[in-house]
Number of protein chains: 2
Amino acid sequence: MVPSVRATQSLLRSATVTRVVAVVGGGQLARMMTPAATALGLHLRVLVEGEGSSAARVVVDAPVGAPRSARDVLDLVRGVGDDGLPADVLTFEHEHIPAEVLAQVEALGIAVRPGPDALRHAQDKIVMRRRLTELGVPCPRWAPVPDAAALDAFLAEVGGEAVVKTSRGGYDGKGVRVVRSSAQVADWFEAAADGGPALLVEEKVPFVRELAVLLARRPSGEVAVWPVVETVQVGGVCAEVLAPAPGLDPDVERQAVEAAVAVAAGVDVTGVLAVELFEIAGEGGSPARVVVNELAMRPHNSGHWTLDGAVTSQFEQHLRAVLDLPLGDPSARARWSVMANVLGSSLERLTDALPAVAADPGVRVHLYGKEIRAGRKLGHVTVCGEDLAEVRSRAARAAALLRGDEPTG
Amino acid sequence: MVPSVRATQSLLRSATVTRVVAVVGGGQLARMMTPAATALGLHLRVLVEGEGSSAARVVVDAPVGAPRSARDVLDLVRGVGDDGLPADVLTFEHEHIPAEVLAQVEALGIAVRPGPDALRHAQDKIVMRRRLTELGVPCPRWAPVPDAAALDAFLAEVGGEAVVKTSRGGYDGKGVRVVRSSAQVADWFEAAADGGPALLVEEKVPFVRELAVLLARRPSGEVAVWPVVETVQVGGVCAEVLAPAPGLDPDVERQAVEAAVAVAAGVDVTGVLAVELFEIAGEGGSPARVVVNELAMRPHNSGHWTLDGAVTSQFEQHLRAVLDLPLGDPSARARWSVMANVLGSSLERLTDALPAVAADPGVRVHLYGKEIRAGRKLGHVTVCGEDLAEVRSRAARAAALLRGDEPTG
């Protein structure tokens with residue numbers, strides 16, 4: 001029995017709770033759902049990896065358990081003990097829940113959103129590429145690579161260099177390698193032969209920048225799309241998001257939104273969907289275009305700016321969507337919003353830097369309460385305003401202060 | 001031992017917590033501090049009246065105790081057990097903490113903000129009126145009334161009608177009576193003779209409307225003032241707040257802000273200060289003016305609009321101020337913000353009304369998770385926009401839906 005669950009039993013008995021939402025995953029995404037849940041009178045029950053998880057620090061009902069354990073997930077949705085309220089819906093802040101566990105939740109009559117069939121496309125990049133290709137959504141050239149020969153054949157076809165990905169388990173640049181030879185992923189082929197994730201290969205797209213489209217979709221089909229953003233990656237990790245994407249060609253914007261809406265409807269997504277895209281310059285008379293890079297079916301780093309920069313944040317919208325409530329207004333509240341991630345630092349730095357960061361009165365700080373490891377995302381900052389260059393430099397300065405860097409400007 | 005405290009012991013041990021803030025009072029004001037505390041990486045420890053308190057539902061570290069118990073308050077600030085982190089500061093969401101308890105906290109070397117000397121002016125209306133009069137801050141004519149004769153003399157002087165208040169313990173129209181004779185407060189005189197609160201009397205001000213100035217002040221003296229708002233009361237309870245106050249004469253605005261800043265500095269307030277004022281029309285060549293009605297030294301109903309309508313909310317600003325962090329930007333984020341309170345309803349109504357309320361995508365809903373009693377404040381809604389009449393009608397409609405009224409427009 002987990003103490004935090006026990007502590008809430010008598011609470012729930014008399015609770016004036018409008019809905020109960022069960023969430024798998026105790027990271028910062030679940031943590032950042034809490035303000036919206038509080039405001040809407042929802043009860044959040046979050047399955048956390050440990051008591052020190054980011055969400056466990058701020059969620060009253062946060063049982064410790066494993067996303068792969070049917071028992072832990074079933075306890076989560078049923079509520080434990082006589083006083084536990086069953087969940088109205090199960091949702092996720094990551095994709096690592098086996099389909100057979102989700103089927104057992106659905107068998108209890110509890111909604112799973114996004115549904116298991118949709119979620120497969122966020123869990124497995126081969127399933128995703130296959131479905132997007134069927135839907136006619138623009139993708140890079142790609143192929144599953146069952147063996148080294150298949151990969152070498154693809155490399156020869158595309159001119160010697162390509163991107164190999166593991167179909168499952170990748171994030172923040174992990175599970176992605178740019179290679180010129182199959183020997184460079186010999187270890188992954190070995191792992192795949194031992195039951196590890198299958199591999200796929202994609203052409204290395206000559207993109208000019210990365211974009212992301214974030215939307216939410218209800219079971220009824222209602223869709224709300226936030227402004228298209230530019231994401232700036234450093235070493236495979238998102239460093240900065242510019243909302244909206246500066247100087248975006250209206251035709252590219254239309255293509256990006258159409259691709260995202262086609263994915264949402266084609267895969268029957270419920271909740272928030274993030275579609276990361278490459279923007280490719282027009283060439284020889286052909287217009288600029290986009291191809292889809294990755295999908296996520298949950299609140300996403302590219303949408304953190306919405307907490308401060310949009311009427312409705314992605315976290316509130318995800319809760320509304322999975323509860324099949326009407327969606328909130330996704331409009332921007334400022335001409336520009338810039339989000340900058342705060343990567344690994346030390347607690348002393350975060351603590352000591354707060355006064356200097358707060359000295360810029362318009363900087364919005366979001367810390368995740370995570371145990372600190374080098375390179376880990378520990379928080380983010382957002383600045384909104386009229387002048388993009390100024391907003392961007394203020395966000396960068398605040399993030400640098402929190403990282404403990406010497407301020408750069 | 002309270003379970004919610006026990007549950008957090010191991011959590012605190014490894015917590016990446018930037019500061020620890022102890023809060024007395026488990027109502028909606030403490031509840032609405034949680035999003036800002038989460039974002040700033042603060043650990044909130046809230047002394048709640050019971051496990052069903054509004055804040056207890058969303059605060060992990062929420063020991064049950066009495067604000068008047070020195071032991072409970074000292075446990076709160078010290079942290080209980082080996083792993084409890086001592087608080088950096090003690091603050092409040094209500095004024096009902098005895099001065100001698102606060103003195104014991106200060107004796108431990110833990111900051112109390114607002115300090116006991118400042119807080120007396122929010123605890124006792126006679127102390128407040130006396131100090132404001134010394135400071136030259138405009139007040140209604142007033143007098144302490146030790147007995148019926150003193151009250152009748154005042155009534156004769158002001159023309160037969162006046163407002164009698166208990167010096168302590170009033171809120172939302174309680175502890176306030178408009179009288180024409182001392183007989184109408186005979187029960188209060190009796191109670192005062194039995195050790196109950198002393199009484200004061202104030203002239204019945206012929207005001208045209210009520211205004212409120214909300215500001216925050218740090219120990220360093222830095223002050224940030226939000227736009228002056230109009231508050232609309234129904235039956236002594238705030239029903240609606242219009243931000244900014246429509247058509248406010250710049251000279252009246254200046255007077256209102258000057259009065260609030262004079263109070264903040266003169267009384268040495270730290271944290272949020274709400275100053276409620278009456279606006280009095282100019283007459284016979286004399287300009288319009290204001291007089292101070294009430295004070296509160298904490299986040300206040302007149303500032304709930306700042307959660308959605310200002311760059312920095314009153315809840316975040318209060319935490320920044322009591323921690324002596326630089327203050328955030330208090331600017332409005334929209335031309336108009338209108339907040340409407342949701343008074344007593346039923347849980348079924350709140351639950352059933354959510355889809356209809358959410359169908360207006362710009363309505364921001366804030367429910368307090370309180371047990372429901374007739375007339376109790378159960379939540380509020382805020383709408384921001386360009387057209388005051390439209391914004392006001394949308395806010396009123398959403399509040400009516402949540403109350404379970406027939407929609408009026």
Side-chain angles (χ1 to χ4, degrees), chain A residues 3-4 6-8 10-11 14-19 31-32 34-35 37-41 43 51-52 56-60 62 224 307 311-312 320 323-331 333-334 347 350-351 354-355 358-372 378-379 384, chain B residues 3-4 6-8 10-11 14-19 31-32 34-35 37-41 43 51-52 56-60 62 224 307 311-312 320 323-331 333-334 347 350-351 354-355 358-372 378-379 384:
Chain A
S4 57
R6 188 168 49 210
T8 59
S10 56
L11 241 162
S14 62
T16 59
V17 158
T18 58
R19 307 280 193 284
R31 177 183 175 102
M32 287 189 276
T34 59
T38 298
L40 294 172
H43 181 82
E51 290 191 357
R57 299 181 189 284
V58 299
V59 172
V60 172
L307 277 170
V311 176
T312 308
R320 290 166 80 132
L323 285 166
D324 202 17
L325 289 170
L327 300 177
D329 179 358
S331 305
R333 300 200 69 188
L347 179 58
L350 288 181
T351 302
L354 263 189
D360 179 341
V363 170
R364 311 295 308 145
V365 176
H366 299 268
L367 300 179
Y368 303 156
K370 286 157 86 171
E371 278 151 57
I372 287 164
L378 299 180
C384 301
Chain B
S4 57
R6 187 168 49 209
T8 59
S10 57
L11 241 163
S14 62
T16 59
V17 158
T18 57
R19 306 280 194 284
R31 177 183 175 102
M32 288 189 275
T34 60
T38 298
L40 294 173
H43 180 83
E51 288 190 358
R57 299 181 190 284
V58 299
V59 172
V60 172
L307 277 170
V311 176
T312 308
R320 290 166 80 133
L323 285 165
D324 202 16
L325 289 170
L327 301 178
D329 180 358
S331 304
R333 300 201 69 188
L347 178 57
L350 288 181
T351 302
L354 263 189
D360 180 340
V363 170
R364 312 294 308 144
V365 176
H366 298 269
L367 300 180
Y368 303 157
K370 286 158 86 171
E371 278 150 59
I372 288 165
L378 299 180
C384 301

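Just so we're on the same page: letters track the sequence lines, and every chain starts at 1.
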Would a 4.5 Å heavy-atom cut-off, applied to side chains only, mark Arg57(B) and Val60(A) as touching?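 When only atoms from C-beta onward are counted, Val60(A) and Arg57(B) do not touch, as no gap falls below 4.5 Å.
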Is a side-chain N or O of Arg320(B) found less than 3.5 angstrom from the main chain of Pro326(B), in a donor-acceptor match?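 Checking the backbone N and O of Pro326(B) against the side chain of Arg320(B), a donor-acceptor pair under 3.5 Å is found.
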May I ask you to name which of [options] has the most heavy-atom pairs under 4.5 Å with chain B?
options: Pro355(A), Pro330(A), Cys384(A), Gly362(A); answer: Pro355(A)
options: Thr34(A), Leu325(A), Asp324(A), Leu307(A); answer: Leu325(A)
options: Thr351(A), Val311(A), Thr312(A); answer: Thr351(A)
options: Leu40(A), Leu378(A), Leu323(A); answer: Leu40(A)
options: Met32(A), Arg19(A), Arg333(A); answer: Arg333(A)

With a 4.5 Å cut-off on heavy-atom pairs, point out which of Gly379(B), Ala358(B), Ala359(B) contacts chain A the most.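 Option with the greatest count: Ala358(B).
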Contacts of Val363(A) that satisfy side-chain contact (heavy atoms from CB on, under 4.5 Å) - sequence neighbours left out: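 Per chain and number, Val363(A) pairs via side-chain contact (heavy atoms from CB on, under 4.5 Å) with Val357(A), Asp360(A), Val365(A), Val381(A), Val383(A), Ala398(A).
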By side-chain contact (heavy atoms from CB on, under 4.5 Å) - contacts of Thr38(B) (at least two apart):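 Thr38(B): side-chain contact (heavy atoms from CB on, under 4.5 Å) contacts with Arg31(A), Val58(A).
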Under 4.5 Å from a heavy atom of chain B, the part of Leu354(A) involved: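 For Leu354(A), backbone and side chain are both near chain B.
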Can you tell me which portion of Leu327(B) sits under 4.5 Å from chain A's heavy atoms? Options are side chain, backbone, both or neither.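 Only the backbone of Leu327(B) comes within 4.5 Å of chain A.
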